[in-house]
Amino acid sequence: MFKVENKDSWSRRNLTKKQLRIAKSIQDLKNGEFNYKLKLNTNDELEEIAELINSTADILKDHQKTLEQNLQKAIDEKTNLFEIYRVVIYSITQKKLNLLMRNEVSKILTEGETLEYLPLQYPEDVNKARELAELTLDKHRLEVGNIHHVKLCISEAATNVLKHAGTGNLEIRKTSNNLRIIVSDAGPGMDYNKLPYMLFLEGFSTKMSMGFGFSIIYKYASKIYLSTSRDGTVIIMDFMLFDCSVD
Amino acid sequence: MLLEIESLKENETGTLILAGVLDISTVEAFKSSLDYFNNVQKLIIDFKKIKFVDSTGIGGIVHVVKKCQKQNTDIKIINISQEVFEIFDILGLPEIFGKEVFEVTP
């Protein structure tokens, strides 16, 4: 019931253990774990293999670091470009059009109080949205400069949702000074590069071919916040409210 | 239906009387209403009861006016309210198709 190991079998088992350690190191490399150093001190070919694995790990680690740095650089450059783009758009539009990153939107979305909400799904919902805006203003005794302009902007934004995203939502809010219309969808997003054409190029064909009544929204809203990405688009249109409690 | 369309044909003149809105929900019906008027010399579209037109509606109007002008049909859109005409103006329709095509309610 007891085993006696002779020297030969011990050394074979020893060898297997080291082989196992080598196999484990290669497994680590495969899993992207480059920090562990394999030390065998056998003074033979196995130690050479271990050294080879260690230097491979070092090289891979360097490569990975370089890639990560390049990626970060690309992200930073993109962020910088967006920053420049939005400053340019903001100043050319006399502070009217604000392009926002996705994570900056929530502040604008939650300011003030919500008055009404409407899902946008069918073509008839565009008319519903326009009428809802009118009813809401009446109900809360709010007054804007020109209700027809508000309805036009709602129509354009809601139609755009139906045409390009299929479905979306409309929310009517009131902030301290503004009627705030929020139109959002989870569609493919707008091309920021087309914005300047829609905003600043004169001419019917340009505006129509862009398929977006954005120039109308731009003309009539007091302020616009826009955030668009592959995850969807949020357009927020503010219309200045007049105080109607004063006679 | 958010748009009612009444079509009349007398001699060589066609008349379309529209009531409602011209937007994404009605623009196709408006465009196809033109099919009723084959070979008329003159087409009058009465906008008196049109309450609202957006850029999609304007797209439909462009389609209709272009088609008429191509067929040498004399087209006029009459009784456009000031409010509705604003968007015609912004999108430059009078400049493109001629001021005489659009008649605004004073």
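Within every chain, numbering begins at 1; the chains are lettered A, B, ... in the order of the sequence lines, protein sequences first and strands thereafter.
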Test Ser55(B) against Glu156(A) for side chain to side chain donor-acceptor pair (under 3.5 Å), laying out the working first. CA-CA 7 Å; Ser55(B) 74; Glu156(A) 300 302 337; 2.5 Å; yes
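Interface remark: Lys151(A) contributes backbone and side-chain atoms alike to the contact with chain B (heavy atom separation under 4.5 Å).
The closest side-chain donor-acceptor pair between His149(A) and Glu86(B) falls under 3.5 angstrom.
Residues Phe52(B) and Leu152(A) form a side-chain contact, since some pair of their non-hydrogen atoms from C-beta on lies under 4.5 Å apart. Contact of the Ile90(B) side chain with the Tyr220(A) side chain is registered, since non-hydrogen atoms from C-beta on lie closer than 4.5 Å.
Open room surrounds CD on Glu10(B); 12 or fewer heavy atoms of other groups in view lie less than 6.0 Å from it. No more than 12 heavy atoms of other residues, nucleotides or ligands shown are found within 6.0 angstrom of OH on Tyr122(A). Atom CD of Glu33(A) has more than 12 neighbouring heavy atoms from other residues, nucleotides or ligands inside a 6.0 Å radius. Around atom CG of Asn70(A), more than 12 heavy atoms belonging to other residues, nucleotides or ligands sit under 6.0 Å away. Residue-environment remark: NZ (Lys65(A)) stays at or below the threshold of 12 foreign heavy atoms within 6.0 Å. For NE2 of His63(B), the number of neighbouring non-hydrogen atoms (other residues, nucleotides, ligands) closer than 6.0 Å is greater than 12. Within a 6.0 Å sphere centred on NZ of Lys51(B), heavy atoms belonging to other residues, nucleotides or ligands number 12 at most.
Note: His148(A) NE2 to Ile87(B) CD1 = 7.0 Å, rounded to the nearest 0.5 Å. Taken to the nearest 0.5 Å, the CG atom of Asp54(B) stands 5.0 Å off from the OG1 atom of Thr159(A). For the atom pair Ser25(B) OG and Lys128(A) NZ, the distance stands at 11.0 Å (nearest 0.5 Å). Expressed to the nearest 0.5 Å, how far CD1 of Ile147(A) lies from CD of Glu83(B) amounts to 9.5 Å.
For the side chain to side chain contact (heavy atoms under 4.5 Å, CB included) with Ile24(B), the lone residue among Asp125(A), Asn160(A), Val126(A) that qualifies is Val126(A).
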